[in-house]
Q: 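The following block contains the structure, expressed as structure tokens.
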Amino acid sequence: MQLGSRADSFLDASGDPASQSGAAGKNSDMGISRRELANCELRASASGFHSSIINLMDLTSTLDRNIDVGAIVVQRAGNIEGMTLDATPYKAPRDASRAYEKGLEAERNGKLANARKYFEQAVKIYPPYAIAWFRLGSVLQKEEQNDAARTAYVQATTIDTKFLPPYLSLALMAYAAENWTAVLELTGHILDLNPMNQTAATGYILDLDPVNYTMAYFYNAVANYKLNKVEDAEKSALKAEHLDLRNRFPQLHLLLAEIFARKNNYAMAILETKTYLDLAPQAKDADHVREQLAKLEKLNASVSASEKP
């Protein structure tokens, strides 16, 4: 919008900036006068946040008459569980921190033996080093030392219950062992601390949190389904679907198809099955899934025929 002119104008925030600036060059009277900006404020509106306020009267234009309103800062209205940082890692002695950094570098370069040595050195110097315990577990797991990896992960969770990556690693190990009760307990802890779990997500969300909540929701859904908790499985699976914008879990749609078929919602089961085949047309089970799709379509056709008057 054009500010600081001698005459009033109609302001439209959806207008084309190029056409407005062109018109302003022809008519310097366009815009809104500074006198009328006296009580005009600019702020952001976001549920659950407080916004800083910019008074338009206080703004000054540059030589080319453009006005930069600067940054609008929003702050949470209240604290959310799991969103605070533990200060313990930052209290680590310099030798422990140096060993940890060397371990990360060795791991990046594929030198797992060296990485393990450095992470072991870091936790020996500073036992409360939860993230070093987690990295040690990750390296041990890559070396197929699963029992030792599990011990390291558990140690990390004992030190800091709000540090979630080791919980996810333990959940994946429990999933591989088909220990569904453990999967449910571990993923449940993660999701209880997930900020996105505090509100009902009806749309699709791009989650930039380093913790893979999509994976947590997916494995939580599988565990619930295996334990015959179908409603809980559906809720977690739909949450995972809303978060999985990159389609990293095609098998999620097969799970939803099973859930919907179990509830006799064949139309939705067909839709989810087709989505899976679109995402993974060359999957090993693709032919079997196509057979299941044909069965679902027959069931849906019979239901549709019985519903006709």
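The shown structure was predicted, so the numbers you read here are calculated from the model rather than taken from an experiment.
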Q: Just by distance, do the side chain of His189 and the backbone of Glu185 share a donor-acceptor pair under 3.5 Å?
A: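 No, because the side chain of His189 does not come within donor-acceptor range (under 3.5 Å) of the backbone of Glu185.
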Q: First locate atom CG of Asn247, then atom OG1 of Thr275, and finally report the distance between them rounded to the nearest 0.5 Å.
A: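 Reported to 0.5 Å precision, the distance equals 9.0 Å.
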Q: Taking the side chain as everything from C-beta on, heavy atoms only, tell me whether Lys229 gets closer than 4.5 Å to Leu184.
A: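 Touching, per the 4.5 Å side-chain cut-off.
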Q: Mind checking the OG1-CG spacing from Thr151 to Leu136? Nearest 0.5 Å is all I need.
A: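 If I round to the nearest 0.5 Å, the distance is 10.0 Å.
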Q: So do Tyr153 and Ser138 actually touch side chain to side chain, heavy atoms under 4.5 Å?
A: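 Counting from C-beta outward, Ser138 and Tyr153 do come under 4.5 Å.
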Q: Which heavy-atom pair separates Ala237 from Ala221 by the least distance, and what is that distance?
A: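 Where Ala237 meets Ala221 most closely, the heavy atoms are N-CB, 3.6 Å.
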Q: Heavy-atom count check: over 12 atoms from other residues, nucleotides or ligands less than 6.0 Å from Lys142 NZ?
A: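 Yes.
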Q: Hey, could you give me the OH/CG distance between Tyr213 and Leu243, rounded to the nearest 0.5 Å?
A: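 The OH atom of Tyr213 sits 10.5 Å away from the CG atom of Leu243.
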Q: Can you say whether the rings of Tyr129 and Tyr100 are parallel (under 30°), tilted (30 to 60°) or perpendicular (over 60°)?
A: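 It falls in the tilted class, 30° to 60°.
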Q: When you measure from the side chain of Trp133 to the backbone of Val154, do you find a donor-acceptor pair of N or O atoms at a distance under 3.5 Å?
A: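 It does not hold such a pair.
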Q: Could you check if a side-chain atom of Arg150 sits within less than 4.5 angstrom of a side-chain atom of Asp147, using non-hydrogen atoms only?
A: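 The answer is yes; the side chains approach within 4.5 Å.
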Q: Working to the nearest 0.5 Å, report the span between NZ of Lys263 and CE of Met268.
A: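 So the gap between those two atoms works out to 10.5 Å.
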Q: Looking only at heavy atoms, what is the nearest atom pair of Tyr118 and Ala106, with distance?
A: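 Taking every non-hydrogen atom into account, CD1-CB, 4.5 Å.
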Q: Would you mind reporting whether Ile72 and Arg43 have side-chain heavy atoms less than 4.5 Å apart?
A: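 They are not in side-chain contact.
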Q: With a 4.0 Å cut-off on N to O distance, would you call Arg94 and Glu101 a salt bridge?
A: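 No, no charged N to carboxylate O under 4.0 Å.
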Q: Does the plane of the ring in Trp180 sit parallel, tilted or perpendicular to the ring in Tyr175? Use 30° and 60° as the thresholds.
A: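 Perpendicular, since the angle between the ring planes exceeds 60°.
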Q: Looking at every non-hydrogen atom in both residues, tell me the closest pair between Leu277 and Ala286 and how far apart they are.
A: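 Residues Leu277 and Ala286, closest heavy atoms: CD2-O, 3.9 Å.
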Q: If only atom types and distance count, is the side chain of Tyr217 paired as donor or acceptor with the main-chain N or O of Thr187 below 3.5 Å?
A: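 No; judged by distance alone, with no hydrogens or angles, the pair does not exist.
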Q: So Leu238 and Glu241, side chain to side chain contact (heavy atoms under 4.5 Å, CB included) or not? Walk me through it.
A: CA-CA 5 Å; Leu238 290 174; Glu241 188 177 46; 3.7 Å; yes
Q: In terms of relative ring orientation, are Phe249 and Tyr219 parallel, tilted or perpendicular, with 30° and 60° separating the classes?
A: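 Ring orientation of Phe249 relative to Tyr219: perpendicular.
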Q: Measure the CG-CG distance between Leu168 and Leu172 for me, rounded to the nearest 0.5 Å.
A: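 Separation between the atoms: 5.0 Å.
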Q: Determine the sole option in Arg116, Lys102, Lys117, Arg135 for which the salt bridge (charged side-chain N to carboxylate O under 4.0 Å, His left out) test with Glu107 is passed.
A: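 Per the salt bridge (charged side-chain N to carboxylate O under 4.0 Å, His left out) rule, the option paired with Glu107 is Arg135, out of Arg116, Lys102, Lys117, Arg135.
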Q: Between OG1 of Thr161 and CG of Leu193, what distance do you get to the nearest 0.5 Å?
A: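 Reported to 0.5 Å precision, the distance equals 7.5 Å.
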Q: For Tyr266 and Asn264, does a side-chain donor sit closer than 3.5 Å to a side-chain acceptor?
A: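 Looking only at side-chain atoms, Asn264 and Tyr266 do form a donor-acceptor pair, the distance falling under 3.5 Å.
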Q: Below 4.5 Å, heavy atoms only, C-beta onward: do Glu297 and Lys274 meet side chain to side chain?
A: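 They are in contact (side-chain heavy atoms under 4.5 Å apart), so the answer is yes.
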Q: Are Leu279 and Val289 joined in one hydrophobic group, where the rule is that I, L, V, M, F, W and Y side chains link up if heavy atoms are under 4.5 Å apart?
A: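 In one cluster with Leu279: Val289, no.
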Q: Any non-hydrogen side-chain atom of Asp285 less than 4.5 Å from a side-chain atom of Leu254?
A: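 Yes, their side chains come closer than 4.5 Å.
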Q: Is Leu252 close to Tyr276 at the side-chain level, that is, under 4.5 Å between some pair of heavy atoms?
A: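 Answer no - side chains too far apart.
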Q: Apply the side-chain contact (heavy atoms from CB on, under 4.5 Å) test between Asn224 and each candidate in Asp232, Val183, Val230; give the one that qualifies.
A: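 Among the candidates, only Asp232 passes.
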Q: Ring of Phe218, cation from Arg248 - is the NZ or CZ under 6.0 Å from the centre and inside 45° of the axis?
A: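 Judged by the rule (NZ or CZ under 6.0 Å from the ring centre, within 45° of its axis), Arg248 is not positioned above Phe218.
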Q: List in chain and number order the residues that pass side chain to side chain donor-acceptor pair (under 3.5 Å) with Thr273, two or more places apart in sequence or in another chain; answer none if no residue qualifies.
A: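 Checked Thr273 against side chain to side chain donor-acceptor pair (under 3.5 Å); zero matches.
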